[in-house]
Every structure is written in C-alpha cells, then in structure tokens.
Amino acid sequence: MHNLLHNLNDEQLAAVTLPAQSALILAGAGSGKTRVLTTRIAWLIQTGQVSPSGLLAVTFTNKAAKEMMTRLSAMLPINTRGMWIGTFHGLCNRLLRTHHRDAALPQTFQILDTQDQLSAIKRLIKAHNVDDEKFPPKEVMYFINGAKDQGLRADKIEPYNADERKKCELYQLYDDQCQREGVVDFAELLLRTYELLSRNQPLREHYQQRFKHILVDEFQDTNDLQYKWLKLLSGHGERDGGSALFAVGDDDQSIYAFRGANVGNMSAFEREFKVQNLIKLEQNYRSHGHILDAANVLIANNSKRLGKNLRTDAGHGEQVRVYEASSDLAEAQWIIEETKSLISDGAARSEIAVLYRSNAQSRVIEHALFSAGIPYHVYGGLRYFQRAEVKHAIAYLQLMDNPHNDSAFLRVVNFPTRGIGLRSIEALQAAAEQHRISLYAAVPYVAGKAGSSLGGFVKLVEGARFETQQMALPELVRVVLEASGLLTHYQTEKEGADRIENLEQMVSAATQFVSEEGYGQGAPAHLGPQAQAQAGVPIVNEDGFEILDADAALPTVMSPLSAFLSHASLEAGDNQATAGQEAVQMMTVHSAKGLEFNNVFITGLEEGLFPHESSSREHDGVEEERRLMYVAITRARQRLYMCFAQTRMLHGQTRYNMKSRFFDELPEESLKWLSPKVQSHWFANKKSAWDETPLVGSDNAIAQKIAQKSPGSGWRIGESVAHGKFGEGVIVNIEGSGNNARAQINFGSHGMKVLDLSIAKLERLGR
DNA sequence: AAATTTCTAGTTTTT
DNA sequence: CTAGAAATTT
C-alpha cells in the first residue's frame, strides 16, 4: 500500500492522507498538484475508505480529467471509465441524460456551443423586432450567461433600469426558445442540474449519499454556480458532516475572473465548510531559484492573497534575461536570435515557449520565425469540431437525433444550396412562430413552392434516419456525409480539399469515439438506452422512489449518436498538444497555464499591453494581470526571457509604450538586463547634477536648460521622459512648435497627459 | 446564389 | 492594419 505514498514530500503526504473532512489544498505552481489529487484518490480506494463509485472528481478541462484517469490507471488496477471523473459540464450532461424526465428535457437534448448560442440569440432578437444596435446579441449573451453562472433565472433578476429589464425579457424568451427546441447551452447544463438536484429531494439525497468524497481541481476557477453546485452535492448543511470536499487550487493563479470565476470561493469555502485542514504545497519542483524569486517577489505585490511562498532545492540557476527592443519587429528578431542559439546549444524546439498577452502579438513573431525557417506551432486556433464544414455535418446529425434544433436546421437547410432562399425561410419562421413550434415541425404549414422545397429537405433528413437505422455510428456518419451532399459540394469547390479531409476525419473520429467510450463496435447508432442497457439497474430508495442511477458510463443512458453529438459539443477537439514535429510553442499566457517549458519568453511587457490597459478599469484588474504575469514566470524551468518594445504597431497605428510596471516589482538581483537599462548621456549628466544640488532645484535647472536650449523642438516622438509627478512616460505626439509646443505623453499607470513643453519639467531618459 | 464591396471592432477561454 | 461579418451588387 505504501508504495503509493513513496516519494511524496511531507506536505504532499499530509494532503493525500487527510481524514474524510473538508480540506483546502493551496497548491503552488509546479508543486505536484495533480499528483496529490490522483494519489489521494488512489489512497482512498486502496485503503478501502471508499469504493471507486463513491467518489466524484471534477475538473475544468477534458485534458485534466483524462490526465487524472490516466495517472490513476497507472497507480491502481481499476477501470477508470465508469468512475465519476470529469468536467463540470460532462458530469452534468451525464446526470441530465439519466434524469432527463425529471429535468424536463428530451432524452436527445442537444448542447449549444458558443457559436450556436449566439446565433440562437440573434435569431431571437430578430424575431422579436428588438433593436440589435441597442441590444447587441453578444451583450445579451454575456448577460444571460453571467446570470446563469450566478445561478439566476430571468425572473430572479432585479433589473437596474429599463435596458436591463429588456435583457431579462430576452433571457426569458431565450430560455423558452431553447426549451422548445430541446437544446441547452453550457451554463444551462450546470444550472439545470443544480435545479434538478435542489428540487428533487430523493434524487439529491441519493447522490449525496453516494459521493462520500468530492475532489475539485483548479478550485480558484469555480464560478458562483459551480460552488453552489458543489455545496449542494456535498450535502453541506443538510446531513451530518456531508461528503468530504477536497478542494485544490491556487489563488495566485486565478486568471479567469473575466468569465465568471470567483477566487472568493476559496475563502468562502474555508469559512462556510469550517475547513480544519488547510495545507500549502510550497515546494516547487519546476523552476530554478532566480525564476522562483522573481515570481514570489512579484506576486507579493498583490493584497488579496491567502499567502504562499514557493521554494526550490534546485539552486539559483540563471538570472532572468531582460531585453528592451526598439520596435516589435526588433523584439521578434531578438527572439529569433536567442531561439537559434538555444537550439544550437541543444535545446529541443518544443522546450521553447513564446508567450504573449494577446493573440494579436503573435503575427510579428510568427513572421520572424517563418522567415528564419524555425518550425513553430501556434496554440488556440479553430478547433476540429468548430470548423464550418464539420459543424455542417454535425448539424445534419443533430437534426436526425432531434429535428427541433432550429440552429442546426437553419445552418444546413440550404447548405449545400437547394433553392431554399430567404423568403422560404421567412415564411417558415412565421408559421413556426404562429404555432409556437420548431421550424422542422412547421414545414407542413408552408404552402406552395417554398413548402415543397422545404418538404424535400425534411425528406432528406427522414430518409437518412431511416436508411441508417441499423448502422453503427461510423457507418452512419459516412452515409450522412454523402446523403447531405456535403462531400459533393466541397469536391466541386476549388479550395475544398482540406474541408473534405476534415469531413473524412469525422468517420475516424466516430470510430475512435465508439471504441473509447465503450459502445459495442457494431451497435446501431440510433439504438436507445433501453435496448442496450444491461447496467443501469433501477434503485428503489426508502421512500419507494425509483431511481435509475447514472452509474455506469454514458452507454447506458444515451444512444451512440446522442453521445457522439454531446462529445462534439463538450470536447471541441484538441487544438492543443499537436505534438507533431519539433516546434517552438507559441501561445497566450492564459493558455500556457498548467504547462511548463525549459525555456520561456514573455514578450510585449509594456504598459497597456501587459498589464493590459482595460485591466485598470476593472475591479482588481491589475492584481489579476499580476497573477497572469505570475503564471507566465512560473512556466519556466531553467531559462526565462522577458522583453518589450519601445514602439509597436497596434490596430494599424504605431504606439509608444512604457515598459511594464511589473519590471519595477521584480527583484533587481534576479534580472540581467541585456540591453542598456535606459541610460544615456542625458541620464548620466543628470545624475551628477542630482549629486550637486537638492532634488527640486536640479529638476528645475534641467527643465530650464531644456527649455532654453531647444524650445519645443528638441523632443521627438517615441522618446522616454520623466516627470516629477507622473513618473516615467513616453512621448506619443507633439503638436505646435517653439514656445507653444505641447506634447502628448503616455505616463502608463498615470494615464495620458498633454503637457506644455516650455512649462513642464521633463527630463530625458535617453534611448 | 455568388461575388464584391463596405463596415467595424479590436484581452484573455473552456465547456 | 486586418479578419470577419454585413450589406450590396451582379
């Protein structure tokens, strides 16, 4: 038994072997968080404290869930497939499929991804003649999702003003529309499950008693609804004790507030669950000392922290290399040079990561890497199931499984084109609106030519369903690709080769899905759970309430087709981990979270970019940016580079930025400035002046000197200056001349100022 | 229905 | 500037 616990440090061991009570594990970057989580599960099972079916492990990404299962399989000889390990959304999907009746959903309900949701809202706004200038669909979507993420239905929101009242109305209409169509969005999966369990006592108690242990990864990323969901499921405040909730997270790596994550859940959890077991994992196994020092010193500038300090046994290692480039192009060029020398020193390309704050920054660097002939891989493009052609194919499959999905209907009713134009659709929408039914169901109500062409489309879908009745999923997919006319369509299109390839790939995706998810290879794709079920034994509880437990994996509650469609929505496919050739890894800092590399470049460290300018407007925005910087730094194992540029093209305009404030928050001794640290003759001269005369006097003297010597003209755009009150800044623009010359200066955190050059006391920071 | 022009927004992302 | 959507023309 104890081999499991081998090689754990004291902190880790303590966390793994905690008693069955609520616990909060503050797991620093690179402290072996996943290891603790999986070993804890293995230990609980191996010591007989809980059976594999008695615990629930929740993650945010499929990748993390898979990783956990893989590691667990390696530790214990158990089948992890049937275990309750998954994402919030995946687990909710499983519960809702099993209890679809109680949740008031059709068994074949479908999941809208963000694109589908947006188009559904656009449709709604149009149908109700709402001004989309005043209520942009995106904004309405954020409003709805934001409300759902807090667990709020439309009728529970107290609108601030008329606009918000309208949004609530739209929210309600949207929910009605989804209900009619038999579709749910991502947030709905969680909210619906939450409501199901809170309203249905026998069901709730069943699952509460079942899950003796609940383990949550990345707890700092939970939103309000997810926290409520966990509280409910753990039976907090209901039964004695409730289940043991084991939360693992790092408040310093909370970087998803913008999508509803609430770090406050960590302290709320500690308080509300009266957590006695708080363990900090502070031993870092990833980074060398200077890198860790930089991270520690930087993050200490944040006020709202639970408090944690990483340490390493690895020794200081190299200093962080800092480079100031004259332009974004020069920055990219420098990255190329350093990358080349890393590679020639034997570094693997895949161990070199270039990180940036926003995607727009990747272009220049990509271009430079391309010109230099260095292979690279950019993370975060379109994912497989998001590609237009794949979404089209999916839409046909969706219609076969649930014809009332209007989003799917509209996507393909005239694609490939079959003479169903705008007027036909409008007639159909009118009929659907009138009878309050789906577009598909409204087809018989449309008369004339439009009616017959629409009828043809319905026949196509029905025909495909009939034809594929006895087929296994991969075969079904192939038939639908043909019958829909998609393959033919792209064959005739000149640039359709890639798209055809993607469509073909769907057959193999289906094959892989069927074998991995445990569907009998030849099982008919349409076959309902009843026909397949050999598991899923009904459970009768004390009240005589019959529950079909969502016990075994999905095959018992879903047809292969439904399951595949859920899979397509919930797991949009990897764009990550294209572990193809050896390539330099390029990604945003956000997507670098959880990864590590021997060599890391953090680029574009400029005020306005990183920290991003919009962060200063948000509550605790700069603290979040600082955490983001902390995440970036802690990705590096051995060598870390930081760089910034004096000028940068952004939105077609040249911008002059100051270096990031984060440089002032890093320990001097851990940094090695490769370019001269903004010192020139002027600066040097100024220094001697400082020595001779008191502060204020010297400032004045220099300002006068400047004013006399070169009234207005001596300054140039892009130049760095310092001001007694506003600190360091960059001249962005100069207007007027002579004694009237005024300069627009970007003082970073102090904002943009326009100063009269003959009056303002400016000193030059040479470049 | 396809091709062309015009407009417009422009952090971060998973499910 | 520039990608992607929307509007407009052919």
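Residue numbers begin at 1 in each chain, while the letters A, B, ... track the order of the sequences.
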query = Across the strands shown, which category fits F88(A) at heavy-atom distances under 4.0 angstrom: base, sugar-phosphate, nothing?
reply =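 The answer is nothing, as F88(A) stays clear of every strand by at least 4.0 Å.
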message = Under 4.0 Å, heavy atoms only, any strand: does E618(A) hit a base, just the sugar-phosphate, or nothing?
response =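 Base, at least one base atom sits under 4.0 Å.
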task = Taking all non-hydrogen atoms of both residues into account, name the closest pair between V412(A) and H392(A) and its distance.
result =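 Scanning both residues completely, I find the closest heavy atoms to be CG1-O, 3.5 Å.
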On the nucleotide [N], are OP1 or OP2 found under 4.0 Å from the side-chain N or O atoms that [X] carries?
X       : N       : result
N62(A)  : dT15(B) : yes
S358(A) : dG10(B) : no
N359(A) : dT13(B) : yes
R383(A) : dT13(B) : no
N414(A) : dA1(B)  : yes
K148(A) : dT15(B) : no

Taking atom [atom2] of [N] as reference, at what distance in whole Å does atom [atom1] of [X] sit?
X       : N       : atom1 : atom2 : answer
R627(A) : dT11(B) : CZ    : P     : 20 Å
R617(A) : dT11(B) : CZ    : P     : 11 Å
N223(A) : dT13(B) : CG    : C1'   : 13 Å
I255(A) : dT14(B) : CD1   : P     : 10 Å
K122(A) : dA6(C)  : NZ    : P     : 4 Å
I144(A) : dT15(B) : CD1   : P     : 22 Å
E133(A) : dA6(C)  : CD    : C1'   : 12 Å
Q653(A) : dT2(C)  : CD    : P     : 14 Å

Does the pair [X]/[Y] count as a salt bridge with the N-to-O cut at 4.0 Å?
X       : Y       : result
R648(A) : E606(A) : yes
D252(A) : R305(A) : yes
D250(A) : K593(A) : no

dT14(B) to dA3(C) separation - C1' atoms, rounded to the nearest Å =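 Rounded to whole Å, the distance is 23 Å.
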message = Can you work out whether T417(A) or T87(A) has the more 5'-proximal nearest nucleotide on DNA chain B?
response =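 With T417(A) and T87(A) compared, the 5'-side residue is T417(A).
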task = For R423(A) and for E625(A), find the nucleotide of DNA chain B with the closest heavy atom, then tell me which residue's nucleotide is more 5'.
result =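 Nearest nucleotide further toward 5': that of R423(A).
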Criterion side chain to side chain donor-acceptor pair (under 3.5 Å) on S614(A) and H612(A), from CA distance to verdict = CA-CA 6 Å; S614(A) 54; H612(A) 197 274; 2.7 Å; yes
inquiry  = If we ignore hydrogens and angles and just use 3.5 Å, is the side chain of E181(A) paired with the main-chain N or O of D406(A) as donor and acceptor?
reply    =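 Between the backbone of D406(A) and the side chain of E181(A) there is a qualifying donor-acceptor contact (under 3.5 Å).
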key: F60(A) ring over dT14(B) six-membered base ring, under 5.5 Å and 30°   =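 It does not: the two rings, one from F60(A) and one from dT14(B), miss the stacking criterion.
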query = Ring-on-base stacking between H612(A) and dT11(B), under 5.5 Å between centres and under 30° between planes: is it there?
reply =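 Yes.
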message = Quick check for you: among dT13(B), dT15(B), dT11(B), whose closest atom lies nearest to any side-chain atom of L570(A)?
response =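 Of all the options, the side chain of L570(A) is nearest to dT15(B).
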ask   = Taking atom types as they are modelled, is there a donor-acceptor pair under 3.5 Å from the base of dT14(B) to the side chain of T114(A)?
value =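 Not at all, since no donor on one side and acceptor on the other fall under 3.5 Å apart.
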